[in-house]
Structure formats: C-alpha cells, structure tokens
Engineer: 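Here it is, the structure in full.
Being a predicted model, the structure only gives us computed values, none of them experimental. In what follows, chains carry the letters A, B, and so on, assigned in the order in which the sequence lines appear, proteins first and then strands, with residues in each chain numbered from 1.
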There are 2 protein chains.
Amino acid sequence: MYELFFKSFRQKVPLSAEEETQLKRYLTPKKLRKKQYLLQEGDVCKAIAFIEKGALKAYSVDEKGNEHIIQFGLEGWIISDLYSFLTGESATYNIDAIEDSEVLLISKSAHEELLLEMPAYQTFTRLNITGAYLAMQKRLTSIISTPLKEQYTDFIALYPDIVQRVPQHMIASYLGLKPETLSRVRQKIAQK
Amino acid sequence: MYELFFKSFRQKVPLSAEEETQLKRYLTPKKLRKKQYLLQEGDVCKAIAFIEKGALKAYSVDEKGNEHIIQFGLEGWIISDLYSFLTGESATYNIDAIEDSEVLLISKSAHEELLLEMPAYQTFTRLNITGAYLAMQKRLTSIISTPLKEQYTDFIALYPDIVQRVPQHMIASYLGLKPETLSRVRQKIAQK
DNA sequence: AAATAACGTTGATTAAAATCAATAGAAAAC
DNA sequence: GTTTTCTATTGATTTTAATCAACGTTATTT
C-alpha cells in the first residue's frame, strides 16, 4: 500500500531505510469508494493525500450548481485544498473519488513535524509544490493564449491516461467549457 | 537598496544578523529602465529577481504578435521564469520593466548554495513558492468559473495598485481578453 | 514645439461559445 | 432483467467576445 509513495519519494530525494520507517508512521492509509468525498466544501482540509491507486478530482460548485474542476489526481499525484490545509480556513472546494481509490494521508501535524525533523521531507515538499506550480502555470498559459482545439489536443497529449479514465464532461469542466462545446471541438478534430 | 528584501524575508522566517550578512553576499542589485528586458525569450533564466522598486511583467508573444501577460510584479514580489531557471532550458517568455525598477538577483548557483547551507532560505523558498501557487490557483479558478465582469472587479479588489500603475491593455492581456472588450466591461460596470 | 507613438474608446460586423431542448446509448441500481 | 441515471451527441437560437476600423487624447521622442 505504500510502495508508490516511497518510490515517488526516492525519485526526488534520497531516503534511508530508517527514515522510511520513521516516515511511514506519519502516513494514514484510507480507502475511498467511487463518489466518496475526501474533502467537502466548508470543512477544513486536515490532510494532504498521496494517491496510491484510483482517480480523484477537486472541484467547486457555483450558484447555478455547475461543477468547475480545478484538478485531477491519479496514481502518484498529491491532492488537497492547499489553501485550507495551510491556513485552517474552511475549504472552498470538494474533493471526491472518480473511481474506487486508495490514498495515504499526511495530517497537518504530521506535515509540520516532518518539515522540522526531516530535511528530506522539506525538500520533497518544496519539489512537489514547485512541480505543481509549474504544471499550473502551463495550464494557465494555455487557457489564456491557446485556441480551444489546441487546448484539447494539448490536454490529450499531456494526460492521455485521464482521457481514458475520466468522463468527457469532467474534462470539459476542467478546460472551462461546456460538454456540448467539447463534443463539437472533438467532432471538428476528428473530421481532419 | 536591500531593505524591502530583508523586511519581507523576516516577515516569513527569522533571520540573524550574521545570516543577513551572509545572505547579502549572494544578492546582486540591478537597475532597469522602463521597457528594459530582464529576461528575453530564448535565453536561459539565470536568476530569480526580487523587486525592490518599480513594476515588471512576464509575458509571451504568440505567432500573431499578441502579448499574453502571465504575471505582474511590484515591490516585494519575486519574478522569474521558474521553469527555465530550474531546468536550464531556454525561457518561453519575456520579462521586462513597466516602469524604471530596481531588483535584487539571486543566481542559480547562489540559490542552490543557499538551499543547502541556510535552512532559513529553504523555508523562505518553500513559502514563496507556496504563496505563488495559491495566488495562481485563485486566478485559475477565477478564469474558469467567473463571468467577465466579476473577474475584473475581483482583479481591482485584489490588486488596486496594479490598476493604478499599469496600462489597461496589459490588464486585459492578463485577464485573457482584448483591450476593446475590457473597455466595454468597464463601461458596463460604470453604468451601474 | 512638433512629430510620433501609445493608449483608450466607440461602432459595425463576424466568429465563437453558451444555452435550451431533444435524443439515444451505456452504465448502474434496483 | 427492467428501470433509472449518467453520458455524449446533435440541432436551433441567443449571448458573448473577437475582429476590423476609425478617432481623439495623452505621453514620449527628438
């Protein structure tokens, strides 16, 4: 249940066997069934989740009831409402499971202790945040400057696994457009 | 010339007088005149810039010659092409001065040495990246889910100083729309 | 001080996406 | 195994933003 986490950790930062044992104590495994919430809007995000298995999504719901997907998460990714986690304010979005999933939770207190006690963890955290930042910047640039068709083809190229596993209307939401529009974009791409 | 940097540092992480002296050695001050490049597309981003004074912008230019502003920077902010800085690949965007400005540069080698040698700097970096990440997430969410009018009023509320100092067409570009469109949005807001 | 460039606005037209509505197939629930 | 929900597509219409173009104003240059 912990394999992927430590594999992914070691790809970024060296980790001794003792550190692994120590670190493991701070991790709480949790299984989620499809549609089950990991975090619900209004609650405080009490943990960061590393995804060992499955697929999750983070999304907000507007006044009209429309979902806006902010982030997908697959195996090996980390998902949370970072703002809520860090500030202790209530979450502005929901996180739930798209498929049956397994995650490892790192609680706020665990996170803080690890940052102080284990330099490797501080580095791991910095690298994770940096990676997430760069990915988001790429996405933002794409939304601002790229025409729709390319945006979708870029998405397919970048996340082929998500395209396989996630319903289209969720991808539409992620791209900031309506399911009908995405359907038409796909149609035009196919025509060529 | 270094006041703001250390003030801003101390707001995040405690810093002894010796550490300050040590840290100062790694900083290179640089003055920029309006329109002067800090970084040009194609070059490698060799330094992170802390803005002591003035205003800068990071932007890409598409095939049609349209600028797409990715980030503004004012006093106390940090600006760079982080991807290029970290990977050593050539930058995909430009950074230049909107006004005459003064920045403190932290070179790649300085950054790496400081990360290893000064724990306070590692923490400072982590907090900066986290802050930048959260700000970008907010922006992304706004673009995906908020209608235009609110997007602009949100922007005004969030960055009143930028609205004061930066030409409208740059703000339009930042919001991902044309100057004419922003002008019309403003007109409608004013009518009420 | 004159010339040039940058900026913001307005109008008319075109292009793009949202909305409303209906349908059919696939998956899940009972 | 049937019903119900979820999903993707298509069509017609409305709304929204981009485009093309022109103009007056303010800043910069020289």
Engineer: Could you check which residues of residues 152-180 of chain B get a heavy atom under 4.0 Å from DNA chain D? Sort them by number, please.
Structural biologist: B:G176, B:L177, B:K178, B:E180
Engineer: Between B:R184 and B:K34, who's closer to the 5' end of DNA chain D by nearest nucleotide?
Structural biologist: B:R184
Engineer: Send over the distance from A:D100 CG to C:dA27 P, rounded to a whole Å.
Structural biologist: 16 Å
Engineer: Determine which pairs satisfy salt bridge (charged side-chain N to carboxylate O under 4.0 Å, His left out) with at least one residue from residues 46-57 of chain B, sequence neighbours left out, and list them in order.
Structural biologist: B:K57-B:D96
Engineer: What is the distance, to the nearest angstrom, from the CG atom on B:N66 to the C1' atom on D:dT19?
Structural biologist: 11 Å
Engineer: It should be established whether A:Q187 places a side-chain nitrogen or oxygen under 4.0 Å from OP1 or OP2 of nucleotide D:dT9.
Structural biologist: no
Engineer: Side chain of A:R186 only, heavy atoms from C-beta on: which candidate in D:dT9, C:dT10, C:dT19 is closest?
Structural biologist: D:dT9
Engineer: Need the bend value for the helix from C:dA1-D:dT30 to C:dC30-D:dG1: angle between end axes, 5 pairs each end, nearest 10°.
Structural biologist: 60°
Engineer: Rounded to the nearest Å, what distance is computed from the NZ atom of residue A:K188 to the P atom of nucleotide D:dT10?
Structural biologist: 13 Å
Engineer: Thinking salt bridges, do A:K30 and A:E102 make one under a 4.0 Å N-O criterion?
Structural biologist: no
Engineer: Do the ring planes of B:Y121 and B:F9 sit parallel (below 30°), tilted (30 to 60°) or perpendicular (above 60°)?
Structural biologist: parallel
Engineer: On the ring face of B:Y133, is B:K138 found with NZ or CZ under 6.0 Å from the centre and within 45° of the axis?
Structural biologist: no
Engineer: Using side-chain heavy atoms (C-beta onward) and a distance below 4.5 Å, is A:E75 in contact with A:D161?
Structural biologist: no
Engineer: Can a side-chain donor-acceptor contact be found between B:Q137 and A:Y93 if the only test is distance below 3.5 angstrom?
Structural biologist: yes
Engineer: Looking only at the aromatic ring of each residue, does the gap between the centers of A:Y159 and A:W77 stay below 6.0 angstrom?
Structural biologist: yes
Engineer: Rounded to whole Å, please give me the gap between CD in B:E99 and P in D:dT28.
Structural biologist: 11 Å
Engineer: Could you check how far NZ of A:K35 sits from P of C:dA29, rounded to whole Å?
Structural biologist: 7 Å
Engineer: In this structure, how many angstroms lie between the P atom of D:dT28 and the CZ atom of B:R33, rounded?
Structural biologist: 14 Å
Engineer: Relative to B:Y174, does B:R139 satisfy both conditions: NZ or CZ under 6.0 angstrom from the six-membered ring centre, and within 45 degrees of the ring's axis?
Structural biologist: yes
Engineer: Out of curiosity, A:T141 OG1 to B:D62 CG, how far, rounded to the nearest 0.5 Å?
Structural biologist: 12.5 Å
Engineer: From C:dT10, D:dT9, D:dA18, pick the nucleotide closest to the side chain of A:S183?
Structural biologist: D:dT9
